[in-house]
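The structure under discussion appears below in the form of structure tokens.
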Amino acid sequence: MRTQRGRCRSRARRIGVALGAGLTFSAIGGGACAQSIAAVADAASDARASATPAATSAAPALLPTVVVVGTTPLLGIGTPLAKVPANVQTVRASEIDAQHRATLTDFFVANLPSVTLADAQGNPNQVNLNYRGFTASPLLGTPQGISVFVDGVRVNEPFGDVVNWDLIPVEAIDKIQLIPGSNPAYGLNTLGGAVAITTKNGRADPGGEAEITGGSWGRKTAQIEQGGTLGPHVDYYATANASNDGGWADHDASRVRQAFGKLRYTDDDTTLSIAAGGADNALYGSQTIPRSFLDNPRQAYTYPDLNRNRAGYLTLSGDHFFSDGVELSGNAYYRHLRSENVSSNNNTDYGALDAEGNVDTVQGTNADSIVTTDSYGASLQLTLLGKLGGMASQFVAGVTADVANSSYVASQQDAYFTADRAAIGIGNFVQQTNAKTRNANDGFYLSETLSLTPQWTMTLSGRYDRANARIGDESGVQPLLDGNHTFSRFNPAIGVNWNPTPGVTAYATYNEGMRAPTAIELACADPAAPCSLPNDFVADPALRPVVSKTFEVGARGRIGRATTWSAAAYRTTLDDDIEFVSTAGSSRGYFQNVGKTRRQGIELAGRTQLGPLGIGLNYSYIDATYRSTWTESSPANSSADANGIVTVKPGNRIPGIPEHAVKLRLDYAATTTWSIGTNVTWRSGVYAQGDENNQDANGKIAGYLLIDVDTRYRITKQLDVFANVTNVLNKRYASFAVLGQNFFNGPGHSFDGANPVNEQFVGPGAPRGIWVGLHYKWD
């Protein structure tokens, strides 16, 4: 019986012969049979186009290694990187394993250009990930601009488009691709880029591994994985992990439980798989704290703040080759999520007169919101390899359909604060909102990659998306919630690649994308009826969808066998961007379209190997600005007028986005059994939220430099011991800031609601942490 690698070799040879190139199978990057086929087909076509009669009759030549990347959400044949008009970044499982980072977002931030984080929640599993000035966040109400896929399934939750990073099992990841720009093939919400994650399988990852770690802040983790084959056609993979973390600050503990498994059938022409997983996580946060609290950065402003995520999902996927140049792939999925958030808040109306004319003496509130979502959908994609006008062609057509039903129940309870600012409830929770939403999104996309000459490639693509959101009041007392909104648009893209030599690629591209307003935004868009999110909904007048338009030019290449480099420059302009605008004299606000915003910048990256030393260095510059004039209420901004209003003007920088970032990674093989790695990360300062006009007296929060070290020693062939040290210099720093009122400015930071003080609140970073672990593997 032929092995899977043998089957890949056979099909690759047949494609080479079919294209008349007379090529043989050699080293093909990417790992998957379908990707190997794409690489051979493309290289074969180029070889045929450039060959002279004498060369054609010569002995078959070995192909060089070809890196293949996905250009659509579905797993399929893929496209050689040399023909992709974008600065795609690829991360492999071995790179993630080598650094033993606590979270996936932590790895991104330490290694990938143009990626930064903002810790607004005070929990490492719930950070806002920023890429090129766009956000993927677990926080409801945050404008989302990055789409995230796992095995072709979009995991931005339908209610709010949030990304719950804690639901993705890092151990199961085989490869991650960070695709920049507004690539329309990835559908809704792809304004600044897409993250495409592929999980492991038992044939490519046989054997088992187990790992335990322990160290600072009581963090203890355990994980196990096993993969293998059951006969010539069936393979399996499974992993599970558990983590308990007391947290470096007060009241920010985490408990994470994740599991994932996959069963696959493969033969010469067909792959079928079923994957399932789930998570049960409890994540406490310490919130941002006023600068006056920084004498003890571990303290929480108020507590408790808990996010409880419980999820389960099932994905069926497969692909089939009808011939060497015709592939059909598809998937179907079901996801269930129950997300509960319990938060404590001070009462910003303390001391004011209520509706009956009485003085409001309630110090604070506890808010409890529960989102339950059942989502399901399917995708189908056809790929055709062949000739068009005598030129090598790869044509892709796909269709997607996604439906989600969500319920949102929010309740509130009056509270008072203890001396250490614990919110103690008074009476029962009172329901504020009971709403149901239904999201139905349909899409159809086309892509054509045409090899004009052996050196020039053109890519044309486009996608039509139709998004429908229905919102209904279930309480019977908020009829204004009822609404039905539909948004649709065709988003085009064009790209050109030039390969003057086998080791150099230059490209230029233009693409467009769309983000439909979420139910959160639609249900809180009336200036006359502001809301306090994520606690209640009040009305749903229309908002316009956000449209992105991206230009990018760049180049990449290889020098010898050990050095790679890349450079890119881009500009993304958003029309009708959406912001949450506070209402004057109130803790409430509403979402509105604020006109144009723009993110533009450059990315430079390189990696080389000098004997035992590996060096990776990247730099990113992001100029993120508002391009329209609009006003907002920001009474804590020192430049606000007598009514607390500030005016945002074109050229003002968007808060939270650092202008500069530099990242250095060193890997040193000290001996054959001992390795040492170091990450050095520097980013510049950022403006605080609420300082959109860049005029507040506090100015920017400072930039910072972090150094992390990891090391591994191989005791035996199966057993490793490793250690990690983060923030080696024990720097004090903050990654996020927001302007607000401090109601705890009495003695010892006690409650003084009658005399709140305007302050800048910051999200402090973690101090030095040390962990050690053992890793054991078996065949």
Side-chain H-bond candidate by donor/acceptor type, [X] with [Y], under 3.5 Å:
{"X": "N727", "Y": "R768", "value": "no"}
{"X": "Y303", "Y": "Q287", "value": "no"}
{"X": "N123", "Y": "S254", "value": "yes"}
{"X": "S182", "Y": "N491", "value": "no"}
{"X": "N698", "Y": "D691", "value": "no"}
{"X": "T608", "Y": "T563", "value": "yes"}
{"X": "S634", "Y": "E692", "value": "no"}
{"X": "D708", "Y": "T726", "value": "no"}
{"X": "R101", "Y": "N111", "value": "no"}
{"X": "N307", "Y": "N309", "value": "yes"}

Can you confirm whether [X] sits close enough to [Y] that some side-chain heavy atom of one is under 4.5 Å from a side-chain heavy atom of the other?
{"X": "E552", "Y": "Y507", "answer": "yes"}
{"X": "L129", "Y": "F108", "answer": "yes"}
{"X": "T518", "Y": "F591", "answer": "no"}
{"X": "V686", "Y": "K700", "answer": "no"}
{"X": "I176", "Y": "V195", "answer": "yes"}
{"X": "F293", "Y": "E759", "answer": "no"}
{"X": "V127", "Y": "Q121", "answer": "no"}
{"X": "S735", "Y": "Y704", "answer": "yes"}

Just how far is it from atom [atom1] of [X] to atom [atom2] of [Y], taken to the nearest 0.5 Å?
{"X": "N125", "Y": "D106", "atom1": "CG", "atom2": "CG", "value": "10.5 Å"}
{"X": "W630", "Y": "N593", "atom1": "CH2", "atom2": "CG", "value": "11.5 Å"}
{"X": "S216", "Y": "I770", "atom1": "OG", "atom2": "CD1", "value": "5.5 Å"}
{"X": "Y626", "Y": "E579", "atom1": "OH", "atom2": "CD", "value": "4.0 Å"}
{"X": "S114", "Y": "N618", "atom1": "OG", "atom2": "CG", "value": "8.0 Å"}
{"X": "R132", "Y": "R599", "atom1": "CZ", "atom2": "CZ", "value": "12.5 Å"}

Please check if the side chain of [X] supplies one atom and the backbone of [Y] the other of a donor-acceptor pair under 3.5 Å.
{"X": "S243", "Y": "T221", "result": "no"}
{"X": "T213", "Y": "V772", "result": "no"}
{"X": "R219", "Y": "G769", "result": "no"}
{"X": "R544", "Y": "I578", "result": "no"}
{"X": "N130", "Y": "L117", "result": "no"}
{"X": "R712", "Y": "S675", "result": "no"}
{"X": "S638", "Y": "A697", "result": "yes"}

TODO: Tell me, yes or no, whether the heavy-atom count around Y284 atom OH, taken from other residues, nucleotides or ligands under 6.0 Å, exceeds 12.
DONE: no
Open item on the list: F761 and side chain to side chain contact (heavy atoms under 4.5 Å, CB included): which single residue from I289, L739, N742 fits?
Closed with: N742
Task: Criterion side chain to side chain donor-acceptor pair (under 3.5 Å) on T90 and R92, from CA distance to verdict - done: CA-CA 7 Å; T90 300; R92 294 171 176 83; 5.2 Å; no
Task: ring-ring contact (aromatic ring centres under 6.0 Å, His included) contacts touching residues 631-656 (sequence neighbours left out) - done: none
Task: Pair D667 + R665, salt bridge at N-O below 4.0 Å - done: yes
- [ ] Considering only NZ, NE, NH1 and NH2 on the basic side and carboxylate oxygens on the acidic side, decide whether K549 and D575 come within less than 4.0 Å.
- [x] yes
- [ ] Heavy atoms only: give me the nearest I701-R291 pair and the separation to one decimal.
- [x] CG2-NH2, 3.6 Å
Which pairs would a plain distance check flag for residues 649-662, meaning a side-chain donor or acceptor within less than 3.5 Å of a matching protein atom at least two apart in sequence or in another chain?
unit_1	atom_1	unit_2	atom_2	d
N652	OD1	K649	N	2.8
R653	NH1	D623	OD1	3.0
R653	NH2	I622	O	3.1
H660	ND1	Y619	OH	2.8

Task: Check against salt bridge (charged side-chain N to carboxylate O under 4.0 Å, His left out), R515 and D576 - done: CA-CA 10 Å; R515 179 173 82 83; D576 293 320; over 6 Å; no
Open item on the list: Which residue in the set N758, N694, N693 passes side chain to side chain donor-acceptor pair (under 3.5 Å) when paired with N637?
Closed with: N693
Open item on the list: Evaluate I173 against L104 for side-chain contact (heavy atoms from CB on, under 4.5 Å), listing each step before the verdict.
Closed with: CA-CA 10 Å; I173 294 174; L104 180 60; 4.0 Å; yes
Side-chain atoms of residues 566-573: list all donor-acceptor pairs with protein atoms under 3.5 Å, sequence neighbours left out, distances to 0.1 Å.
unit_1	atom_1	unit_2	atom_2	d
R571	NE	Q600	OE1	2.7
R571	NH2	Q600	OE1	2.8
T572	OG1	T550	OG1	2.8

Open item on the list: Walk me through whether V115 and Q89 qualify under side-chain contact (heavy atoms from CB on, under 4.5 Å).
Closed with: CA-CA 11 Å; V115 177; Q89 307 294 322; over 6 Å; no
